[in-house]
Amino acid sequence: MVPISGGPAVSDQRDPQGHDKARERQIAQNESARQTTGAFRVSTFAILIAVLIALALCGWLFFTR
């Protein structure tokens with residue numbers, strides 16, 4: 001390959017020791033943790049809404065009887 005701007009060719013920029021794979025693995029782990037945190041937040045919010053609705057229903061039934 002012929003370098004365009006005097007730098008190394010694109011194929012020469014690959015890391016032969018596998019650091020790219022380690023970096024990609026770390027990115028995947030970080031993304032997994034971020035998704036887990038987001039799912040936990042959504043679940044907590046859904047449970048909170050369900051509890052509030054149940055409390056409102058119980059209060060409404062209590063005061064209408």
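Bear in mind the structure is a predicted one, so any value in this text is a computation, not a measurement. Side chains included, hydrogens not; waters and symmetry mates left out as well; all remaining heavy atoms used.
- Looking at Ser43, its side chain does come within 3.5 Å of a backbone N or O of Ala39 through a donor-acceptor pair.
- Placement of Ile47 and Leu55 within a single hydrophobic cluster is found when ILVMFWY residues are connected by side-chain heavy-atom separations under 4.5 Å, directly or transitively.
- Taking hydrophobic clusters as Ile, Leu, Val, Met, Phe, Trp and Tyr residues chained together by side-chain heavy-atom distances below 4.5 Å, Ile53 shares a cluster with Phe45.
- Salt bridge status for Glu24 with Lys21: absent, with no side-chain N to carboxylate O gap under 4.0 Å.
- Distance check, rounded to the nearest 0.5 Å: CG of Asn30 to CD of Gln35 gives 11.5 Å.
- Atom CD of Glu31 sits about 10.0 Å away from atom OG1 of Thr36, to the nearest 0.5 Å.
- Side-chain contact check for Trp60 versus Thr64: some heavy-atom pair is nearer than 4.5 Å.
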